[in-house]
Amino acid sequence: MNTNHSIGNNALVWFRHDLRLDDNQTLVAACQYAAEHQGTVRAIFVVTPKQWASHDVAPIQLDFIERQVNQLAIELAELGIPLDICHADDFDAIPELLSQYVATWQMTKVFATSEPECNEQRRDHAVIEAGIKLELSLQHCFLPPLSVLNLSGEMYKVFTPFAKKWRQIAKQDPIQTLARPEPIAAPLPTPNYVEFHCTKICSEQWQVGEHAAQAKLRQFAQAKVAGYQACRDFPAIDGTSQLSAYLAIGILSPRQCLQVLLSHYPDALVHDESPGRCWLNELIWREFYRHLLVAFPKLSRRANFNALADSIKWRNNPREFQAWCEGRTGYPLVDAAMRQLNQTGWMHNRLRMVTASFLTKHLLVDWRWGERYFRQKLIDGDLAANNGGWQWSAGTGCDAQPYFRVFNPISQCEKCDPTGAFIRNYLPELDGVDLKLIHKLKIPIQAQLFVGTDYASPIVDHKFARTRAIAVLSAIKKGSAKAQQIGVQQAQEIDRESRVDLDKEIFG
Ligand SMILES: Cc1cc2nc3c(=O)[nH]c(=O)nc-3n(C[C@H](O)[C@H](O)[C@H](O)COP(=O)(O)OP(=O)(O)OC[C@H]3O[C@@H](n4cnc5c(N)ncnc54)[C@H](O)[C@@H]3O)c2cc1C
């Protein structure tokens, strides 16, 4: 055990989205380095409010990060490792901040976990260029990006073969998580709570701490994984893990998730029929989108994955976008989902698909508007998964939902919320309305239904919106510049004609 803080060969752990002590390769590497060089270890977390604002990081996620970082400081103090929480407006200010920090504390090496996003990678290059020895561990994915490739040595553009190859590689080695390092010095006094100076929203309904996250993971694996496939599409049922917030900021590692899953379902990697397979596939979707972000850096810059989608003529009506954001579209499932997001900072996966499809296809609003709004609200906001989910829903992405498949927000309502429990929870305006009528929603009926309630009339007719979406989004078809031109003209005509019909239907 080394207590001398003034000699060189000290290691700095720079925490970013790996806010844990268990199974943290970066922390283990720093402790090993310090032990080998008779140095010591310090840790740092850099608060970057301007950068977070430009990345639209949700205030609820920032509060969650603040609470976890402070928890980490307490647990690091028990290992004899001090954690400094420093402020540096944005990424550009980091090289200088770190240079001063390492000089002050005689740090010879900085250890951090690599991140797949463009700005984060640029930040790390700038730190290296500033002369800091930065050692990066790759642990934001289970398998490193660019390691799961097709026979031509390229990144897959379709999920199913990617997942197959991923499983083949993953099963080759036993999955071992790393233990929390032993104390490197006597315990330090419990640190004071440090607040981040940025806009935050209370995240207290989400417990912080690795023990809480690991317990949630174990309980889910033990009690719910087997029923996941049957329950995962019903937002009124607590049928998914709700671990995304923990994975997004690294309170849990993907390796921990996989290890716990395989301890219950050892055949999940090898048998399609394994009860663990369905949830495993969700973890692989997470990897797929992260690998894509590295293979196609333009995704970080919010470009369409499919360049043909650049010619889509989005309508981008701000009034309709606002109604969608506020849960006032007149479609109960869409509105209940948006209110779940606004009130809790989380939304069920099926509803993310329904609401994203509704915005991009029914209202023809550019997916980037929705992506940004989700990011500003989600406690689990994550560029790769959010971008992937939005482009999948809009039909502009990699292995996306085809442009002509448009979720029906009425039949989805009956399928996903058969008892109406979810809708009623978020739409108290519909309390007195018969569930059968909500499920069988027809525009004229709905207009009558909601007379006397505060609930909005439908913003657009489903059949009309579907036809219009298919016409406009046909731009995505290969070689369809002309078709797109015709499609847009047709859509404008449909828009004019159907709006007259719709007005008649609603207002008589
Ligand atoms: C439009 C849209 C936006 C999304 N934005 C995000 C986001 O910002 N952050 C985020 O973590 N997920 C996002 N997702 C994916 C998914 O909706 C959430 O990961 C999931 O709802 C989280 O709930 P859970 O933890 O209970 O998931 P579970 O169903 O228990 O799945 C386990 C884990 O697998 C991962 N996962 C599951 N589904 C997906 C998926 N489709 N894509 C990538 N990873 C997945 C998550 O890390 C999740 O925690 C988005 C999906 C869509 C359609």
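Start at 1 and go down the list; that is how both ligands and their atoms are numbered.
- Atom 40 (C) of ligand 1 has as its closest protein heavy atom W285 CB, 3.9 Å.
- Remark: minimum distance from atom 50 (C) of ligand 1 to any protein heavy atom is reached at R352 CD, 3.6 Å.
- For atom 38 (N) of ligand 1, the closest non-hydrogen atom of the protein is E282 OE1, 3.0 Å.
- Given atom 17 (O) of ligand 1, the protein heavy atom at minimum distance is N349 OD1, 2.7 Å.
- Nearest heavy atom pair, residue S147 against residue I169, reads O-CD1, 3.5 Å.
- Contact between Y246 and F64 at its shortest, heavy atoms only, is CE2-CZ, 3.7 Å.
- Protein heavy atom nearest atom 8 (O) of ligand 1, with residue, atom name and distance: D382 N, 3.1 Å.
- When only non-hydrogen protein atoms are considered, atom 22 (C) of ligand 1 lies nearest to S244 OG, 3.3 Å.
- When all heavy atoms of S114 and L138 are compared, the pair lying nearest together is OG-CG, 3.6 Å.
- Tested against T113, the residues H17, R16, Q139, H140 include a single side chain to side chain donor-acceptor pair (under 3.5 Å) partner, Q139.
- With D56 as reference, R372 is the one residue of R372, K377, R375 to meet the salt bridge (Lys or Arg N to Asp or Glu O under 4.0 Å) rule.
- Scanning all heavy atoms of the two residues, the minimum distance from M155 to L149 falls at N-CD2, 3.6 Å.
- Between Q391 and C398 the shortest side-chain heavy-atom distance does not fall below 4.5 Å.
- Residue contact check for ligand 1: W279 places a non-hydrogen atom closer than 4.0 Å to it.
- For ligand 1, the polar-atom distance check against H348 finds no nitrogen or oxygen pair separated by under 3.5 Å.
- Near L243, meaning under 4.0 Å from one of its heavy atoms, ligand 1 places the atoms 25 (O), 49 (O).
- Look at Y246 and you'll find every heavy atom at least 4.0 Å from all atoms of ligand 1.
- For the ligand labelled ligand 1, residue G388 lies outside the 4.0 Å heavy-atom shell.
- With respect to atom 11 (O) of ligand 1, the closest heavy atom belonging to the protein is D380 O, 3.6 Å.
- Using a non-hydrogen distance threshold of 4.0 Å, F288 does not register as a contact of ligand 1.
- With a 4.0 Å heavy-atom cut-off, ligand 1 is reached by the side chain of Y228 but not by its N, CA, C or O.
- Between W279 and F220, the angle of the ring planes lies from 30° to 60°, which puts this pair in the tilted group.
- Within the 4.0 Å heavy-atom shell around ligand 1 one finds M353.
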